[in-house]
Amino acid sequence: MTTPAVPAAPRIPEAVHRRRWAILGVLMLSLLIVVLDNSILNVAIKTISTPAPIGLGATQSELEWAINAYTLVFAGLLFSAGLLGDRIGRKKVLLGGLAVFGVGSALAAESGSPAQLIAFRALMALGAAFVMPATLAVLMNVFEREEQPKAIGVWAGGVGLAIAIGPITGGLLLDHFWWGSVFLVNVPIVLLAVGLMLWLVPESRDPKPGRLDPVGVALSVVGLVLLVYGIIKGGELADFTDPAVLATIGAGLVVLAAFVVFEKRSDHPSIDVGYFRNKVFSAAISVIALVFFALMGVTFFSVFYTQSVRGYSPLKTGLLLLPLAAAQLIFAPRARLVVDRIGIRATTTAAMLVLTATLAAFATLDADTPIWILEVVFFCMGAGMAHIMTPTSVVIMQALPREKAGSASALSNTFRQVGGALGIAVLGSVLSTAYRNGIEGHLGALPAGLRDTAGESIEATLGVAAKLGEPGRALIAPANDAFLHAMHVTALCGAGVALVGAVVVAAFLPGRPKPAQEDTEKGELVRAKS
């Protein structure tokens, strides 16, 4: 039996082809603000938790929801946003998403309470959900297939650039302005990106989108929101056996299962679930979730390690992240060269093992560890990430037809966000539980109300200690010790998850492709669906 022929994708118009790299620059600028916002917020967490007028006096739970509200809305709408871009046009979706993100940023900068900040962060996520998948979808429609790995590598390197710029920019702003400036800085970037996009970026859409699938879209949104909310709530309570948490996660999984069944039976599905029968596609998308589970959970506490335990300012904390960002910026565009030489499987397996080692290295850090060791760890972490994200992104984006690029990008980013939310929730609860167990023995002399507050986090303990004056100084050393122990436990858990990812890529991703293999990749997917 012969392999079904897969029609070659139409060539890119010459006028678009000539300005493809300028278009990629505009897409990276749009991506920059979405990634930059989260990296800036990580640096600003400590400042926002400070009582007014310096900050908002946000509690640990409110800080988590300032992050989680963004994740919840972002993850819940990513898939639908990708579908909408394929249908009505990715340029339109990009412009609309940027406008909403800019308005949300301006409002977040003027928040008068943690509740307002959480609400406006959710509005920002609404805009970001339409920006992120559209950038990669447009990329796939302005570069020919042979140039796509290089372009995706540059695109991924842009994430590293945003990681570098975000903390440094945040640190500089916090040194000279109020905390809201970390959100207000997004507005001029949005205006610049919109202007360049109107000038340079061509419109693209699925020429044959088929009928609308409102039931499938509704099921995907409801299922993802329930699942992510249950994960977040479990992390907040540090108890995933809580009946409300189990019920919410269970309901989300049931709705998503109903989505899969409905899509399989539909004659006009939002996404052809038959693509998941291809083990390479499924492995690549699963590894992205595992990587972000480990990475987001572990890097969440690194800010508290550098600022609370080591005493660095927000600006210095941002500068400490430079090696991680520089490694991604250097290696992401070049990862394709390694893949060409030794294959996807060897490249990603080695990179996953490097990531595992760097996460485990956090378990060796103490309050007086030479800072250059942390810098080496960050650099190796960035190098590992670059050699994971670029090859797996290429696999995912080239697995689906070009006209479905928005759906492919949305799927990749949805798994990334769900994995990241799960990592922050699960590993965050591990960190919280281990810290409370370590510090509670030193809080016996405090009044009952203060004892509960001081046990929430290292920031809460140090805040109570500052209010107590001289007697409170006795809590500082135990708080640092308890946090370091909790960080070590959490880091080893993250390393374990990364090791599972290494096994997955070693088992399922392809090795070095034979010359004819690339030409039949889509044919294999066609067979998998039939």
**Q** Between Leu256 and Leu219, does the side chain to side chain contact (heavy atoms under 4.5 Å, CB included) criterion hold? Intermediate values first, please.
**A** CA-CA 7 Å; Leu256 289 175; Leu219 287 173; over 6 Å; no
**Q** So how far is it from Phe379 CZ to Phe331 CZ, rounded to the nearest 0.5 Å?
**A**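 These two atoms lie 4.0 Å from each other.
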**Q** When you compare the side chain of Phe130 with that of Leu98, does any pair of heavy atoms fall below 4.5 Å?
**A**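 No; the side chains remain at least 4.5 Å from each other.
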**Q** Using side chain to side chain contact (heavy atoms under 4.5 Å, CB included), reason through Phe483 and Asn480 one step at a time and then give a plain yes or no.
**A** CA-CA 5 Å; Phe483 177 83; Asn480 287 342; 5.8 Å; no
**Q** Side chains of Leu94 and Leu27, heavy atoms from C-beta outward: is any pair under 4.5 Å?
**A**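 SC-SC contact between Leu94 and Leu27 confirmed.
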**Q** Could you go step by step and tell me if Lys91 and Val138 meet the side chain to side chain contact (heavy atoms under 4.5 Å, CB included) rule?
**A** CA-CA 8 Å; Lys91 181 176 180 177; Val138 171; 6.0 Å; no
**Q** Provide the closest heavy-atom pair for Val187 versus Ser105 in the form atom of the first, atom of the second, distance.
**A** CG2-CB, 4.5 Å
**Q** Do Ser113 side-chain atoms and Gln116 backbone N/O form a donor-acceptor pair below 3.5 Å?
**A**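 Yes, Ser113 side chain to Gln116 backbone: donor-acceptor pair under 3.5 Å.
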**Q** Holding to side-chain contact (heavy atoms from CB on, under 4.5 Å), I want the full list of residues that pass it with Leu246, two or more places apart in sequence or in another chain.
**A**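 With neighbours one apart ignored, the set is empty.
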**Q** Ignoring hydrogens, what is the shortest heavy-atom contact between Thr490 and Ala486? Give both atom names and the distance.
**A** OG1-O, 2.8 Å
**Q** Measuring from atom CD of Glu110 to atom CG of Leu117, what distance do you get when rounded to the nearest 0.5 angstrom?
**A**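 Reported to 0.5 Å precision, the distance equals 12.0 Å.
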**Q** Specify the closest pair of heavy atoms between Cys380 and Thr358, including all atoms of both residues, with the distance to one decimal.
**A**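 Closest approach of Cys380 to Thr358, heavy atoms only: CB-CG2, 3.5 Å.
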**Q** Just how far is it from atom CE of Met197 to atom CZ of Arg90, taken to the nearest 0.5 Å?
**A** 14.0 Å
**Q** Of all the heavy-atom pairs spanning Ala498 and Leu359, show the shortest one and how long it is.
**A**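 Scanning both residues completely, I find the closest heavy atoms to be CB-CD1, 3.9 Å.
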**Q** Which residues satisfy the side-chain contact (heavy atoms from CB on, under 4.5 Å) test with Ala477, sequence neighbours excluded?
**A**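 Applying side-chain contact (heavy atoms from CB on, under 4.5 Å) to Ala477 gives none.
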**Q** Which value, rounded to the nearest 0.5 Å, describes the distance between Thr390 atom OG1 and Met385 atom CE?
**A**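 CE of Met385 is found 9.5 Å from OG1 of Thr390.
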**Q** Could you check whether any side-chain heavy atom of Asp481 comes within less than 4.5 Å of a side-chain heavy atom of His485, counting everything from C-beta outward?
**A**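 SC-SC contact between Asp481 and His485 ruled out.
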**Q** Tell me every residue that passes side-chain contact (heavy atoms from CB on, under 4.5 Å) with Ile371, counting only those two or more places apart in sequence or in another chain.
**A** Arg310, Tyr312, Leu320, Leu374
**Q** With rounding to the nearest 0.5 angstrom, report the CG to OG1 distance, Leu29 to Thr135.
**A** 11.5 Å
**Q** Do you know the tightest heavy-atom contact between Cys493 and Leu427?
**A**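 Closest heavy-atom pair between Cys493 and Leu427: CB-CD2, 3.6 Å.
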**Q** Could you report the tightest heavy-atom contact between Pro323 and Leu319, atom names first, then the distance?
**A** CD-O, 4.0 Å
**Q** Do Leu365 and Leu484 come within less than 4.5 Å of each other through their side chains, counting heavy atoms only?
**A** no
**Q** So how far is it from Ser30 OG to Phe101 CZ, rounded to the nearest 0.5 Å?
**A**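 Nearest 0.5 Å value for the OG-CZ distance: 10.5 Å.
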**Q** Are the side chains of Ile23 and Met28 in touch, meaning some heavy atoms are under 4.5 Å apart?
**A** no
**Q** Against Leu253, only a single residue in Thr248, Leu226, Leu227 fulfils side-chain contact (heavy atoms from CB on, under 4.5 Å); can you say which?
**A**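 One option only clears the test, and that one is Leu227.
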**Q** Could you check whether any side-chain heavy atom of Val131 comes within less than 4.5 Å of a side-chain heavy atom of Leu31, counting everything from C-beta outward?
**A** no
**Q** Is any side-chain heavy atom of Tyr70 closer than 4.5 Å to one of Phe120?
**A**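 No, their side chains stay 4.5 Å or more apart.
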**Q** Are Met487 and Tyr305 close enough that some pair of their side-chain heavy atoms sits under 4.5 Å apart?
**A**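 Yes, their side chains come closer than 4.5 Å.
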